[in-house]
Amino acid sequence: MKTETNTLLLCKDLSKLDSDIEYVSILPVEQDIKKKFKIKEVDFLTKTRNEILNDYEFCEQIYRKNLKKILKYFNEIHTTNFNEQGIEIILGYWLKNYIYVSFKILNQINYLIKSEKISHALLTDYKNFCFIKENTQEFAEAHASDLSWYYAYFSKVLNYFEKDFLNNIKIKEFSETTLKPKKNAKKKIKLHENILYFLQKNFRNPTSAFISHTYLPFFQEKKLELLFNQIPSYYKSFPLQKSFPINFALRKKYTKLISTEKKDFENFINSNLFTFLPKSFLENFETNLKLSENKLLPQEPKFIFTSSLNFFDEVFKVYAAKQALKSKPIFIGQHGNNYFSRIHNNYLPEFSYATKFFSWGYESSNFKNVKGFFNFKTIKQSSYKKNRGKKLIIFCEYLSNATDNLLLMPSEISKSLTRIRLFLERINKEIKNNVILRLNETFYKKIYGQTFIKYLSDLGVEIDNGKKSAKKILNNAKLCIFNYDSTGLLENSCNNIPSIMYLDKNYLNIINEEFIYKYIDLKSKKIIFHETYSMIDHVNKIWADVDRWWFSQKVQNSLKDFNNNFNEKADNKSLALIKSNIMKDL
């Protein structure tokens, strides 16, 4: 039983902390701050697989109930007639994210109250805080990038469910404001993209299929369009022309209609729906609706095929929802790792609304609309040539990936970086001299209030900021290490590039049961590691001849079993295979 008392930190401003008081933080804390003050970062325990499954099933029930309620009010507000498929296309991803973030915070609160002796709390004043973001993407990123927003969110959930707890501790509230969204940098348009855009604008038939952002290599995607006898196109997202003021009166009106007197999780979601609903679904929706009728989008397409626009492109989502009303087929493709293997991905909205979902190889009676194809990114990729590289490439995960699911906590960032540091500090010097540490943009941005590049910049290895083509880096790879369950591992295993995955010891808890044997088999062949020193010993041992280990019969058999019915390599007939399967649904 704990006898000490702690102060819970739920505020951004740490300048006035007392060096004699013990604090607990739900987020990673900068090393300089921890040297000055007694701050413990809470290590939230990973749940069992059954607990995780039960949590997702519970959230799925809340999601389905709310989707039907939202559909009614959404059509009423905007004088539209979208069906359930359409409303799920438009805001299903946001709604799930909103439910997941809220439920994960509630789980964290329950853990904190049980495991920490909290006598005081420094909260962020949520009562006068504006949680409304412009769109789905801003909401998804706010958890990690807007610290005041997240602390206010956490404080709001804490007050809703644990008033008795708060009444028994001393509270100090800090007033904060949310970050203003940054304008997206303009992407440079290449010459061939400009040519395709011109052709699309002036000559595309309104009945042409909409094929864009499929995760096929760019020119392979254009080749697929040619197979359907249509002019290749280039789609670029429509910029927001004007952001209208928040309509607080309308939001208040519908909050009263959707809320009940109950004090449970379902009513928290209902009663705060319009507190968090992005403007793209309310104030700015009419603009997106009008843009969806632009002639740059074929208004009577044979079908729609994308693998990523369905997440964050608000105009595309409205366009697709309108086409769903006309019973136009909507094909969604797999666009990365963890589909079917990780529990979280079982509940993605596209499995409900897509006419067919095109996987990278997986098929199962549990997913009736899933058709197995091939890893889209491997089409026309060359296989590994033995003894071609000299470098050890370490690929690091996007730090913001801990935000959009029930599984991962922000504390995973600290654990992950600690594992990388330990590995690089203990690996043989000859190997360390050949390391390229491949980071990404999230290491250079503020994530949970700090910039994480400084945790790795003193290790004496070459750092790549992620702007170079991965293909160029792989050309010089002797061995790749992924510190997460990566799309890169899927590509590399198809192309036979020697690779290792470095995963948390509890990672198998978040994997679907039918895939556990695949992961255990990879671990037995030293392709997956959960323990740092074992991986160090293995890399030191094989470095002189990595290919001897990788191309051994037992490793190759294990890779073949892992990829079977899950991650198939493309061949010369792959595009024709996509076309023939699409034609069956037209």
Side-chain angles (χ1 to χ4, degrees), residues 58-84 86-106 109 123-136 138-139 142 149-164 166-167 173 175-178 243-289 314 318 321 349:
F58 173 75
C59 287
E60 184 68 12
Q61 291 175 19
I62 302 293
Y63 171 77
R64 288 295 158 195
K65 287 181 183 178
N66 270 270
L67 202 63
K68 291 179 180 179
K69 291 180 183 178
I70 292 170
L71 175 60
K72 174 187 173 184
Y73 295 127
F74 191 88
N75 282 332
E76 182 179 301
I77 291 168
H78 298 298
T79 321
T80 50
N81 64 335
F82 290 109
N83 55 21
E84 193 166 330
I87 200 67
E88 190 161 25
I89 293 170
I90 292 170
L91 53 69
Y93 185 75
W94 171 80
L95 180 59
K96 287 213 169 183
N97 204 339
Y98 165 52
I99 292 170
Y100 290 158
V101 173
S102 302
F103 191 74
K104 184 156 69 171
I105 288 174
L106 179 58
I109 289 169
L123 306 184
T124 296
D125 180 13
Y126 64 88
K127 297 181 187 70
N128 301 307
F129 195 92
C130 183
F131 294 96
I132 299 164
K133 294 294 184 180
E134 290 287 336
N135 52 46
T136 308
E138 277 190 22
F139 181 92
W149 185 90
Y150 180 61
Y151 278 137
Y153 199 154
F154 205 106
S155 299
K156 186 176 183 67
V157 178
L158 179 61
N159 181 75
Y160 185 89
F161 289 102
E162 295 295 342
K163 276 194 174 179
D164 290 342
L166 292 177
N167 288 335
E173 288 190 331
S175 179
E176 300 277 5
T177 56
T178 190
S243 182
F244 290 90
I246 297 171
N247 190 334
F248 289 106
L250 184 66
R251 289 172 179 268
K252 186 176 181 180
K253 172 185 174 182
Y254 280 93
T255 295
K256 290 180 179 179
L257 291 174
I258 203 169
S259 303
T260 68
E261 294 298 319
K262 290 183 179 180
K263 208 70 175 174
D264 57 11
F265 181 74
E266 182 178 352
N267 192 55
F268 175 85
I269 295 300
N270 290 338
S271 60
N272 289 286
L273 187 82
F274 288 92
T275 302
F276 288 95
L277 189 72
K279 291 169 72 176
S280 57
F281 305 129
L282 201 61
E283 292 85 358
N284 296 335
F285 181 78
E286 298 301 325
T287 300
N288 292 336
L289 185 63
E314 305 296 359
V318 176

Check your understanding: Are any side-chain N or O atoms of Ser155 and backbone N or O atoms of Thr124, one a donor and one an acceptor, separated by less than 3.5 Å?
Key ->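 Checked: pair present.
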Exercise for review: Ignoring hydrogens and angles, tell me if any N or O in the side chain of Tyr98 forms a donor-acceptor pair with the backbone of Ile269 under 3.5 Å.
Suggested key: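 Checking the backbone N and O of Ile269 against the side chain of Tyr98, a donor-acceptor pair under 3.5 Å is found.
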So, taking the atom named [atom1] in [X] and the one named [atom2] in [Y], what distance separates them when rounded to the nearest 0.5 Å?
| X | Y | atom1 | atom2 | answer |
| --- | --- | --- | --- | --- |
| Asn75 | Ile87 | CG | CD1 | 6.5 Å |
| Ser271 | Glu266 | OG | CD | 10.5 Å |
| Ile109 | Ile105 | CD1 | CD1 | 7.0 Å |
| Leu273 | Phe281 | CG | CZ | 10.5 Å |
| Asn270 | Leu257 | CG | CG | 11.5 Å |
| Ile70 | Ile258 | CD1 | CD1 | 6.0 Å |

Exercise for review: Using the six-membered ring wherever Trp is involved, compare the ring planes of Phe58 and Phe265 and label them parallel, tilted or perpendicular (cut-offs 30° and 60°).
Suggested key: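 Rings of Phe58 and Phe265: tilted, as their planes differ by 30° to 60°.
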Check your understanding: Phe268 vs Phe161 aromatic rings, parallel, tilted or perpendicular, using cut-offs 30° and 60°?
Key ->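 Taking Phe161 first and then Phe268, their aromatic rings sit tilted (interplane angle of 30° to 60°).
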Can you tell if the side chain of [X] reaches within under 4.5 Å of the side chain of [Y], non-hydrogen atoms only?
| X | Y | answer |
| --- | --- | --- |
| Trp149 | Phe129 | yes |
| Tyr254 | Phe74 | no |
| Leu106 | Tyr160 | no |
| Phe103 | Ile62 | no |

Review point. With respect to Phe139, which candidate in Tyr93, Phe131, Tyr100, Trp94 satisfies the ring pair (Phe, Tyr, Trp, His ring centres under 6.0 Å) definition?
Key: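 That would be Trp94.
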Practice item. Could you list all the salt bridge (charged side-chain N to carboxylate O under 4.0 Å, His left out) pairs where at least one residue sits in residues 272-287, not counting sequence neighbours? Key: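 For residues 272-287: Glu134-Lys279, Arg251-Glu283.
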Review point. Among pairs that include at least one residue of residues 88-99, which meet salt bridge (charged side-chain N to carboxylate O under 4.0 Å, His left out), considering only residues two or more places apart or in two chains?
Key: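 Applying salt bridge (charged side-chain N to carboxylate O under 4.0 Å, His left out) to every pair that reaches into residues 88-99, excluding sequence neighbours, yields Glu60-Lys96, Arg64-Glu88.
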Give the minimum heavy-atom separation between [X] and [Y], together with the two atoms involved.
| X | Y | result |
| --- | --- | --- |
| Gly86 | Asn83 | N-OD1, 2.8 Å |
| Phe248 | Ile132 | CE2-CD1, 4.4 Å |
| Ile90 | Glu314 | O-OE1, 4.3 Å |
| Asn128 | Asp125 | ND2-OD2, 3.5 Å |
| Ser280 | Asn135 | OG-CA, 3.5 Å |
| Leu250 | Ile77 | CD2-CG2, 4.0 Å |

**Study point:** Which residues share a side-chain hydrogen bond (donor to acceptor under 3.5 Å, both in side chains) with Asn288, sequence neighbours left out
**Key:**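 If we apply the side-chain hydrogen bond (donor to acceptor under 3.5 Å, both in side chains) test to Asn288, skipping adjacent residues, there are no hits.
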Review point. More than 12 heavy atoms of other residues, nucleotides or ligands under 6.0 Å from NZ of Lys252: is that the case?
Key: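 Check fails, neighbour count at 12 or below.
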Review point. Would you say the ring centroid of Tyr153 lies under 6.0 angstrom from that of Phe276?
Key: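 Yes - the distance between ring centres of Tyr153 and Phe276 falls below the 6.0 Å cut-off.
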Point to revise | Side-chain H-bond candidate by donor/acceptor type, Asn272 with Lys156, under 3.5 Å | key: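 Per modelled atom types, Asn272 and Lys156 side chains form a pair under 3.5 Å.
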